[in-house]
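See below for the structure under consideration.
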Amino acid sequence: SIFEAVSYAIFVVDVLPGNRFCYADVNPTNAELTGFQRAAVRGKSIQEIFAPPFAERIQQHYEACVRQGITMTYEEYLPFQGRDSWWMTSLTPLRDSTGQIYRLIGTSIDISDRKQAEMALHESEQRFRSIFEASPLGIALTDLNGRLVRVNRTLCDMLGYTESELLQRDIFELTHPDDRIQESTAFSAALNNKVSVIKREKRYVRKDGSSFWGSLTATTIRDQDGTILTGMGMVEDISDRKRAEAERLHAERALQQAKEALLAMNLELEQRVQERTAQLEAVNLHRRSVLGCYVGCFLVVVRRKPSIA
């Protein structure tokens, strides 16, 4: 009744001379999960049921169980009914009165969902590892105290440390002293769920003591329950941009100063022109006044001159 009622697959394999095996029976759950009906399976060999690549691996497992003489458990991939499936299989050898193994009792549990989740996680980890290592950005993972637990090569090159040296430091040691208070405030805000993503520009200190500007994007990595597992930060060296901005500001200030100086010169020139114009007008007025006096005197002399007639 257990054979008939359990929710996992059970199969019975007879052990024949010459490392040959044939199926004696399977339970209804096995038939339902695999699509192999009991009547079609009974008396058939491994090679008659499974395709060559799978039959070869199953044969190896059965031979290993007989050789070792103990229960063995393993994971195996077997496609059934057009579906990729993974199984946790256990084989238990049965002995006759002479001690010879004459039969194997097998059980298989469908672990496809778990296996697919594991493979998806593995693929995700592989993608993350590829991005982490090949990224042009400096990337670091930290614990909840800000201590570095994983760094990529780009960050090592940015800061001038080896990986082992960086893993002995925290984010505050690598931050410029003038920016550490802001760094501590931002880190605490992330841990206390006040912000989900931090974006800021800050200065970093290299191993040789020099500093550079970096653009930081940081967030937290959480488990399914929302518990923070680690912090992750990505840093872009923006020294060239900051230098260009400083040069631009310097040029703008110089241009503004030149404009102001030119304006002052124009004002001074206009004032001088006005003053000179006033001087010339005063001179002209004086000349006209003097000339008027001369003309008046001449007219008086002409009127007084005696007539010849």
Side-chain angles (χ1 to χ4, degrees), residues 1-130 132-133 150 221 223-225 227 229-230:
S1 60
I2 295 177
F3 183 80
E4 301 288 338
V6 294
S7 60
Y8 51 85
I10 299 178
F11 53 94
V12 181
V13 182
D14 286 336
V15 179
L16 305 177
N19 286 328
R20 291 182 300 114
F21 304 90
C22 73
Y23 291 94
D25 203 359
V26 296
N27 72 338
T29 301
N30 188 303
E32 179 183 346
L33 293 175
T34 65
F36 295 150
Q37 300 304 314
R38 300 174 76 173
V41 171
R42 289 171 178 162
K44 296 292 182 64
S45 68
I46 301 171
Q47 290 73 19
E48 291 175 301
I49 296 178
F50 295 96
F54 304 107
E56 183 179 352
R57 288 198 292 271
I58 293 172
Q59 176 81 22
Q60 292 172 352
H61 288 309
Y62 291 1
E63 290 180 5
C65 183
V66 172
R67 185 169 57 254
Q68 297 174 22
I70 58 174
T71 297
M72 57 181 293
T73 300
Y74 54 91
E75 294 181 2
E76 60 181 341
Y77 165 75
L78 295 171
F80 289 118
Q81 306 183 85
R83 183 178 72 92
D84 293 339
S85 54
W86 282 86
W87 304 83
M88 179 71 74
T89 298
S90 293
L91 298 175
T92 299
L94 299 182
R95 300 177 184 272
D96 60 19
S97 58
T98 65
Q100 293 295 316
I101 296 175
Y102 73 97
R103 180 167 287 174
L104 303 177
I105 304 297
T107 61
S108 290
I109 300 174
D110 188 345
I111 59 170
S112 299
D113 291 343
R114 191 202 79 190
K115 201 68 179 178
Q116 289 172 358
E118 289 178 354
M119 289 189 292
L121 178 61
H122 178 71
E123 290 175 2
S124 177
E125 290 175 344
Q126 286 293 101
R127 287 195 297 270
F128 175 78
R129 185 176 295 109
S130 298
F132 188 88
E133 295 300 335
R150 186 175 178 181
I221 299 175
D223 63 14
Q224 295 179 343
D225 298 325
T227 302
L229 300 176
T230 185

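Computed from a prediction, not measured in an experiment: that's the story for all the values here.
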Stepwise side chain to side chain contact (heavy atoms under 4.5 Å, CB included) check, Leu16 with Cys22: CA-CA 8 Å; Leu16 305 177; Cys22 73; 4.0 Å; yes
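- Separating the CD1 atom in Ile101 from the SG atom in Cys65 is a distance of 6.5 Å, to the nearest 0.5 Å.
- Side-chain atoms of Thr34 come within 3.5 Å of backbone atoms of Asn30 as a donor-acceptor pair (strictly under, hydrogens ignored).
- Judged as a side chain to side chain contact (heavy atoms under 4.5 Å, CB included), and not counting sequence neighbours, the contacts of Thr92 are Thr71.
- Met88 CE to Thr73 OG1: the interatomic distance, rounded to the nearest 0.5 Å, is 7.5 Å.
- Counting only N and O atoms by type, the side chains of Asp96 and Thr98 include a donor and acceptor under 3.5 Å apart.
- Between the side chain of Gln59 and the main chain of Asn19, a donor-acceptor pair closer than 3.5 Å is present.
- Ion pair Arg38/Glu4 flagged as a salt bridge, since at least one NZ, NE, NH1 or NH2 atom sits closer than 4.0 Å to an Asp/Glu carboxylate oxygen.
- The CG atom of Leu104 sits 11.0 Å away from the CD atom of Glu63 when rounded to the nearest 0.5 Å.
- Side-chain atoms of Asn27 come within 3.5 Å of backbone N or O of Phe3 as a donor-acceptor pair.
- Considering only residues two or more places apart in sequence or on other chains, Phe36 meets the ring-ring contact (aromatic ring centres under 6.0 Å, His included) condition with Phe50, Phe80.
- Nearest approach of Pro79 to Asp84, heavy atoms of both residues: CB-OD1, 4.3 Å.
- In this structure, Glu32 has no side chain to side chain contact (heavy atoms under 4.5 Å, CB included) partners at least two apart in sequence or on a different chain.
- Note on residues 102-118: pairs passing salt bridge (charged side-chain N to carboxylate O under 4.0 Å, His left out), not counting sequence neighbours, are Asp14-Arg103, Glu75-Arg114, Glu75-Lys115, Arg83-Asp110, Arg114-Glu118, Lys115-Glu118.
- Between the side chain of Ser112 and the backbone N or O of Trp86, at least one donor-acceptor pair lies under 3.5 Å.
- Listed by first then second residue, pairs satisfying ring pair (Phe, Tyr, Trp, His ring centres under 6.0 Å) with a partner in residues 4-26 read Phe21-Tyr62, not counting sequence neighbours.
- Annotation: cation-pi pair Arg95/Tyr102 absent, no NZ/CZ under 6.0 Å from the ring centroid and within 45° of its normal.
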Audit row: Val66, Val15, side chain to side chain contact (heavy atoms under 4.5 Å, CB included) steps and yes/no: CA-CA 8 Å; Val66 172; Val15 179; 4.2 Å; yes
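- Distance check, rounded to the nearest 0.5 Å: CD1 of Ile221 to OG1 of Thr227 gives 14.0 Å.
- With sequence neighbours excluded, the residues satisfying side chain to side chain contact (heavy atoms under 4.5 Å, CB included) with Glu76 are Ile58, His61, Tyr74, Leu78, Trp87, Thr89, Ser108.
- Side chain of Glu48 to backbone of Ser45: a donor-acceptor contact under 3.5 angstrom is found.
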Steps toward side chain to side chain contact (heavy atoms under 4.5 Å, CB included) verdict (Leu91, Ile105): CA-CA 6 Å; Leu91 298 175; Ile105 304 297; over 6 Å; no
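- Checking side-chain atoms of Thr29 against main-chain N and O of Val6 turns up a donor-acceptor pair under 3.5 Å.
- Rounding to the nearest 0.5 Å gives a distance of 13.5 Å between CG of Leu94 and CD of Gln100.
- With hydrogens and angles ignored, the 3.5 Å screen pairs a side-chain donor or acceptor of Ser130 with a backbone N or O of Gln126.
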